[in-house]
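The next block holds one structure in the form of structure tokens; read it before the comments.
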Amino acid sequence: MRIKNKKRFIISCASLAVLLVIIIVMLIIRVNTQTKEIQASEKSPKTLVAESQKTTTEAEATNAEPTTTDTTKVTETPVLPEVSQTTVSEALNDGITQVVNKNHSISSDLVPGDLVTVDLPSTRDTQLRGVAAIALKGLFNAASTAGIELYCCSGYRSYETQTGLYNWNVETYGVEGAELVSARPGMSEHQMGLAMDVTSASVGFDLLESFGSTPEGQFINENAHNYGFIVRYPQGKTDITGYAYEPWHLRYVGVDVATDIFNSGKTMEEYYGVN
Ligand SMILES: [Zn+2]
């Protein structure tokens, strides 16, 4: 082989080699691209499903009125909080502002379902409805802070207990006298679990009219409404309430109503316009 031919041969071989490399590189790139496209096309349906599911979940989570296609979720999500709030509200407010007196009675078998034994200084164990017991604790704590010592005397009384008490008063004071100081069975706020008679050492832990002029009675008169209680049978209102002055008998009606009644100077009957 001549030198000139040998050079051409080498150049040709080199060119061919470069061409081959280029072809191989292009093939590799093409195969890679195709592989990615295949992978992408395989993933695509799954991704779409996942995204679809995610979108559906978000829609369900934020949808206040879900469609009826998923009955399980319809019954689970939006209804329960509404029902429970209503139930709690009814449980807390049931009967709290109900007027019970000589003209408006309650059933003989009424026993409040949420009675608790009051955790306060008491002359005996006694009970109130939970909401009233919590409020009374607030009143007693405020009194204690002011150096006033109060005692519970009598809270919830069953229909039967009230019957015995009324009969004892009739035997002791006669019907007319008893009517002024004791409710007939079925007409007592004590059966509602919303009334508490309070007393103090200064009146010998008794229930006396003179309690009203003691520091304890005055504190009650001036502050009870801030905790949801009213002095239910005020002085000089016997012709309206039917009862003698009872500075010890507190009735729970809630802070708003108690404050309104206190500021109005009215009895509960006058406030609600009932006899
Ligand atoms: Zn009472």
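Each ligand, and each atom within it, is numbered from 1 in the order the structure gives.
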Set of ring pair (Phe, Tyr, Trp, His ring centres under 6.0 Å) partners for Tyr271, sequence neighbours left out: none

Qualifying salt bridge (charged side-chain N to carboxylate O under 4.0 Å, His left out) pairs with a residue from residues 243-257, counting only residues at least two apart or across chains: Glu189-Arg251

Which N, O or S atom of His249 lies nearest to the Zn ion (ligand 1), by name: ND1

Atom of His190 closest to the Zn ion (ligand 1), considering N, O or S atoms: NE2

No-hydrogen, no-angle side-chain donor-acceptor test under 3.5 Å, Glu270 and Thr267: yes

Metal proximity, Asp197 vs the Zn ion (ligand 1), N/O/S cut-off 2.8 Å: yes

Single hit among Tyr252, Trp248, Phe262 for ring-ring contact (aromatic ring centres under 6.0 Å, His included) with Phe229: Tyr252

